[in-house]
Structure formats: C-alpha cells, structure tokens
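Since the structure comes first, as structure tokens, the remarks are kept for the end.
Chain letters run A, B, ... following the sequence lines, proteins first, then strands; residues in each count from 1.
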Amino acid sequence: MTSSQSKLPPRVLYWFRTDLRLHDSPALHAALELKPEFFYPIWTWDPQYVFAHKVGVNRCNFLLESIENLSFSLTACNPKAKLHVVRGPPQTVIPALCKAWNITHLVYEKDTAGYAAVRDAEIKAYVLKEGIEVIDILGHTLYDPQAIIELNGGKPTMSISSWSAAAKKLSSPSRPLPPPDKLPSPGDMPLAGFSREDHPVMTGVDLNEAYRVSATTCFDTMAGPDGNFSIPTMEELGFPPATTSIHGGETEALKRLEAYCADKARVVKFAKPKTSPAEFDPPATTQLSPYLKFGCLGSREFLWRVRDTIDQWDKDENGKKNNEITEHPENLEGQLCFREMYYAAEWSQGLRFGQIRGNAICRFIDWRLQNQYDADGLKTHPRPLGHTRDEERLSAWKEGRTGFPWIDAIMRQLRQEGWIHHLARHSVACFLTRGQCYISWERGAETFDELLIDWDPCANAGNWMWLSCSAFFSMYYRVYGVKSFPEKYDKTGKLVRKFCPELVNFPDKFIYTPHLAPVDVQERAGCIIGRDYPFPMLDEKAEKEQCMQRVKAAYALGLYGNDPATFDGSAVTKLEQEAESPNTVYREGQKRETNHNIQKRKQQRGEEGISAKRTKVNGIKKYLVQK
DNA sequence: ACGCAGTTGGGACC
DNA sequence: GGTCCCAACTGCGT
C-alpha cells in the first residue's frame, strides 16, 4: 500500500459476482466493517459471457432481473446508492476503476470454481501490486472447498460419506448475517480512461449469434448508453424476450423460500428420490437452484431456514413423529451437501473438472463426440471419435426430437423454462451417455450450460460425471428406462402432453411409446408417428446392451482422464481391440459374486458358493472365477 | 479379506 | 402396490 493511499479513508469497490443479495453476505459485511467513506457497488458485464460463452436467453434474463433487484435493494438502503454495471472484461475494467475512483479496498465474495478462480487470481495479483487491499471472503458455499480437501487427506471428495466425514471436522456453518439497512454513498465517478477504443471488447466468434434478433449494443460504451452505468437490457444484448416463468432476484428468492417452508410437513418429509420429475405446475422440489447459483439466496439462509422449520415442526408435534423426519442425505440439507461435495471435488481439479482430458477423477470411456481439444488447446485424441450419425443423435437430443416422448418433453421443458427436475436431468443425461447414445458427457454438460438457468461449473460437471458413471457413481448397469421410469411417477404423461403437444390426444397406454400404438389409435390421436412426431431414433434396448458392454470394457481398462494413454490414442485402440475380441469374457456363470443374498441363498440350497477374484493382466482387469 | 452400503433401476411375480 | 431378484460397480468399515 502506498503512503498516500494508506492515509485515505477507505474507498471500497465492492464487486458483486456470485452474491446477488444483501442478506447472508460475509463479504459485504466485511466491506461495511471498514466504515468506508465511499462505497461503490459494481457488476462487471464481461463480453466473454455474451460473445464467447454460449448462454441462452433465459439465464441472461434471470441475471438481468437479479442485478436489477439488487440495485433496487441498494437504493432502498441509500437513495444515492445503486448497482453500477461496468461493461468490459473485469481484468481490464477493475484495475481501471480502482485508479479512476481512487479505490483503497477491493472486496468481493470468493469464487473457488472454474474460470472465475483463474480470472480472480490474475486481477488480485495486479491490484495488490498497485497498493490496493484485496478482501476476498468465502460465502457462496457452507464450507471452504480447500479445507474439505485437506481434511480428506488431500484427496478429492468422491462420495457423500467421505465429504461428510471431512465436513464434520469443521465447525457447523454459522447463522446467516442480516442484510445492512443503510449503506455509504459512492463518491465521484470520473469516467477518465473509459472508452471502447482504450479497452476494446472481444470481437470475433459470437457463440450466441443464433439467439440474437438484433445487434448487440451493450458494449458500445463502458458506462452504458446514458453514461451512468445502467443495467443492460435484453434489447441491448440483441436477445428476444425470455421464455421462462422463473424470475430472478433476492426478493423473489426469499419469497419462494418462505412459501416453500410455510408447509412445515413438506420440508420435514422432503425426500429427493420420492419427488416426481413429471410434476411441473408446481414442481415437486423447491426450484431454488437458480437463486443459489447466482447467490440471490444465501446457502446459510437456506440451511438455517430448513433447520428451524424442522425444529418448529418437531416442537409442534412434541417430538412424537421423529421417525417421519427424512434423514441425510435425502433430505433438503442433504441437497446442499451434494453441492458442497461437488465444490470441493472441483477445487481439487480446477478447470479440468469440466472435461475428460487431464481430469484425474474422471474415468476414460471412449465416448463418441468427446472433446478433441482441452481447455489449454492441447489435442486430446489423434482422431475424432464419432461420426455423422452421432452428430445427428446429439442434435435430436438437444432439440427434443428423439422420438422418445419422455426425453423430448424434458429437453423441450429445459429449453423453454431453463429448469428441469433433478431426476429429469438424470433421465436425459443417462440416455445421452451410458444409456443409449454413448455420446460424451462433455457435450451434455455444455448443452446444460447453454440452457439451464441454474448452471454451475461444479454441480453440472459433477452430475454429468455421476450420470455417465465417469466419477462418483459406478453402477452402470442401472439404466433409466424411457417408459418404465416416468411411469413410476405418472402413468398419464402430463409432462409429455404439456411439452409435446402433438401427442396430447394419445391414450395413457401409449403416451411414452406412441410408435407402438396401432395406426387407428394414431389417426384418432391426430398424430401419425414418423410424420407428425418422430419415430424413435434408435433401438432403446439394443443400444443399452451395447453401451453397457462398452462401459464394462472401459472399466476393465481402468484408465482416468490424466493418463497419457487417453490422449495418445492407445486407450482407444485397446478398447477397440476389446470390442473385437473381449479380454474380459462374459461367459455364463462367470460372475463376480458379491451379493451376499445370492451367496446365502445358494448356501441354503446346499450349493457351493462361487468365489471370484479380480486381477490385472497386462493392464487389463480380468475376472477370474474359481470353483 | 470380507461384508455391506451406495440420495433417486428394471422387471417378474404375487 | 409391495417384494424379491437380476447382475455385478466402488469405497468404506471391520
């Protein structure tokens, strides 16, 4: 810190990013503890988010609504305060603002994940060199991902039990801090040094071109069209209006939390696997994920509101019905714990968490259409895996025209609403990867990035690895059916009728398999399969069998994304040889016996139990069976 | 070395 | 609608 700046009363630049709220904000609290003379709340509108990063209209709209609401709340604390939106890359505009506004302290909520962590390290180093103090404080998650990994012996948290064991050693998350009721005013805001010429925005490829209905004007100036750091509009982004019914903002988040917790028994008995992915009006879950993602809702606020609701219910019931309280990890608190587990695991891998190559926790499976280049621009495979047929299947999946109504309805709901139920995500993710299409989870993850409002670099990549049996989960023989699974929740196909309206008049019996309906039924439904709705694009059962054998072979090979063999081509060659003449022999009776029920049953029948042992031969695991 | 659990499977059979 | 079996994974605890 230079001597002139150390004498200045604090002038705080408060950078909002993952914390679009005033409640439950340790970083904001720390900023105000400085008793700043001037307080500048800003949001940086990064052109990377608008041009180089595929982001659908619904997430963009949610973000705009959230920062609008935040600005409104700032003004409620001080009529002179508002959120200043600075257009430009943060690496450029943050140092420029610090200089122009004589900033002494840069304060923000720490973001441990993905690109943001890399970006922040760069900015922090630069700003510190200029003698400005940087205060970055955790607040987005309940626990520090780094601390969790250290307590887990330096290993990534690969199961909820290992995460829980590590978390137990840390102190329980504190109660949320209240929002401030007043704020200091900002000082002068000279615009010196703020011209587009000085800080050219990113040009070149516009990944969101397909969405735009007019030219992007929001980067014409750093301070917006009126020079007052206004919040950009969808029009300025060239975007058409959003299609979702989910609206952003801290006010909306707290209202939804309140409404959800008003039904105490629902909170107490919440069990994720029992909630229906087929329900949509209202959904069977809290639908608070977009608010947690943007920090409109604090994670401690959610945690303690849930805990208090359960305590209150328990008191009301005199503790008589304790057995009705759902246990960890299926309860609401457990949902938050999985989020924490993914944040910790992500921290252990950094940017590599979102790809296969270089990712030490991700199994190498020879998925079609996997990344050819990794985040560092390094070639991952000597030749592309997959061809036109796979491209066509991927497009059909993305656009909701696979010919499987359950999959198509979910994918259309995803595009329209920007949100789908957790188990709906499971269905379409399993279908795209290990279930039927054998397409890389990287393609699925980037589709969700584009279309989900609540997309999060940790939870999204983590769940895609989970569903594709690449990490966290390994029972690849458990495959979600496109008829059996939704039928467990809804035999009448409400979700299909809503999002695939061409199928609305099919009888319940055929709603998930309309191609099996006799022609006269199709005619009466006013929908001929193959003409008005696609015929299934693949044989669900046959593809499932093939996928399972391929995943099994990849498991036997036992390679992970950081193995050199996964990018010099030798892993793929080995798997192809495996497909030609399997090293692992799947013969009748040659099973690895691990189910003790079967063992016990056989013993009861007086049969000799089978013992099996697994060995590695030439790097390939073989299942050897001995009688 | 072994038993068993793992947030959320499918299908036959009663 | 509930129960059991299918087929067979990893990681953790003992």
Side-chain angles (χ1 to χ4, degrees), chain A residues 152-153 155-166 269-279 284-285 326-342 361 363 365 406 420-431 434-436 459 462-463 465-489 491 512 540-541 544-545 547-549 551-558 560 584-603 605 609-614 621 623-625:
Chain A
N152 197 42
K155 300 189 301 278
T157 43
M158 299 310 293
S159 66
I160 198 65
S161 57
S162 68
W163 176 86
S164 298
K269 293 170 193 174
F270 180 95
K272 190 59 159 281
K274 287 186 187 144
T275 59
S276 168
E279 270 173 53
T285 49
T326 308
E327 285 183 2
H328 175 90
E330 295 185 2
N331 60 14
L332 278 169
E333 190 170 326
Q335 308 314 301
L336 221 40
C337 296
F338 277 99
R339 174 174 180 263
E340 298 284 323
M341 180 187 81
Y342 287 136
I361 65 169
R363 277 181 187 281
I365 299 170
W406 175 242
I420 50 178
H421 185 277
H422 190 66
L423 293 177
R425 300 177 196 209
H426 277 214
S427 286
V428 296
C430 182
F431 182 84
R434 67 183 168 87
Q436 276 76 28
N463 276 319
M465 282 188 267
W466 182 300
L467 263 302
S468 61
C469 283
S470 301
F472 305 106
F473 183 74
S474 53
M475 291 183 275
Y476 55 75
Y477 43 88
R478 289 194 176 173
V479 177
Y480 294 81
V482 294
K483 176 173 187 283
S484 51
F485 185 70
E487 258 184 357
K488 279 198 298 196
Y489 297 97
K491 287 198 172 17
Y512 295 119
E540 183 205 355
K541 296 274 184 300
K544 178 175 128 178
E545 290 310 312
C547 284
M548 267 172 57
Q549 293 311 316
V551 175
K552 189 185 176 112
Y555 264 64
L557 193 59
Y560 287 80
T584 42
V585 183
Y586 318 111
R587 229 185 307 121
E588 186 73 24
Q590 188 162 16
K591 298 164 193 166
R592 187 165 158 256
E593 196 66 65
T594 54
N595 186 314
H596 94 135
N597 285 331
I598 293 178
Q599 198 80 302
K600 224 163 45 183
R601 188 163 29 83
K602 284 190 174 150
Q603 275 166 11
R605 281 200 244 115
I610 296 170
S611 73
K613 71 173 177 184
R614 190 172 51 184
K621 281 182 200 162
Y623 297 97
L624 303 178
V625 179

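Counting to the nearest Å, the C1' atom of B:dT8 and the CD1 atom of A:Ile420 are 15 Å from each other. A:Met548 has its CE atom 8 Å from the C1' atom of C:dA7, to the nearest Å. In this entry the distance linking CD of A:Glu340 with P of B:dT7 reads 16 Å, nearest Å. Put simply, CZ on A:Phe472 is 13 Å from P on C:dC12, counting in whole angstrom units. The NZ-P distance, from A:Lys274 to B:dT8, rounds to 13 Å in whole Å. Counting to the nearest Å, the C1' atom of C:dA7 and the CZ atom of A:Arg434 are 14 Å from each other. In this structure, the CD atom of A:Glu545 is 16 Å from the P atom of C:dC6, given to the nearest Å. B:dC4 atom P lies 16 Å from atom CE of A:Met475, rounded to whole Å.
The closest donor-acceptor contact from the side chain of A:Thr326 to the backbone of A:Lys269 lies under 3.5 Å. Under the 3.5 Å distance criterion, the side-chain polar atoms of A:Thr275 are left unmatched by any main-chain donor or acceptor of A:Ala284.
On the P atoms, C:dA7 is 24 Å away from B:dG6, given to the nearest whole Å. Only the P atoms considered, C:dC5 is 15 Å distant from B:dC4, to the nearest whole Å. Using atom P as the reference point in both B:dA5 and C:dC4, the two lie 15 Å apart (nearest Å).
A pairwise comparison of heavy atoms in A:Gln335 and A:Glu330 identifies NE2-O, 3.4 Å as the closest pair. In plain terms, the two heavy atoms of A:Gly462 and A:Phe472 that are nearest each other are O-CD1, 3.7 Å.
Under 3.5 Å, the side chain of A:His422 and the base of B:dT8 form at least one donor-acceptor pair of N or O atoms.
Here A:Phe338 packs flat against the base of B:dT7; its ring centre is closer than 5.5 angstrom to the base's six-membered ring, tilted by less than 30 degrees.
In this structure, A:Phe338 and A:Tyr342 have tilted ring planes: the angle between them lies in the 30° to 60° band. Classified by interplanar angle (parallel below 30°, tilted 30° to 60°, perpendicular above 60°), the ring pair A:His426/A:Tyr480 is perpendicular.
We find the CG-NZ distance between A:Asn331 and A:Lys272 to be 11.0 Å, quoted to the nearest 0.5 Å. The structure places OG of A:Ser427 at 11.0 Å from NE2 of A:His422, a figure rounded to the nearest 0.5 Å.
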For nucleotides 9-14 of chain B, give me one character per nucleotide, 5' to 3': B if any protein heavy atom sits under 4.0 Å from the base, S if the only such contacts are to the sugar-phosphate, - if neither.
BSS---
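A search for salt bridge (charged side-chain N to carboxylate O under 4.0 Å, His left out) contacts involving A:Lys491 returns nothing, not counting sequence neighbours.
Looking at DNA chain C, the stems built from 3 or more consecutive Watson-Crick or G-U wobble pairs, each pair with its key distances under 3.5 Å, are B:1-6 with C:9-14, B:9-14 with C:1-6.
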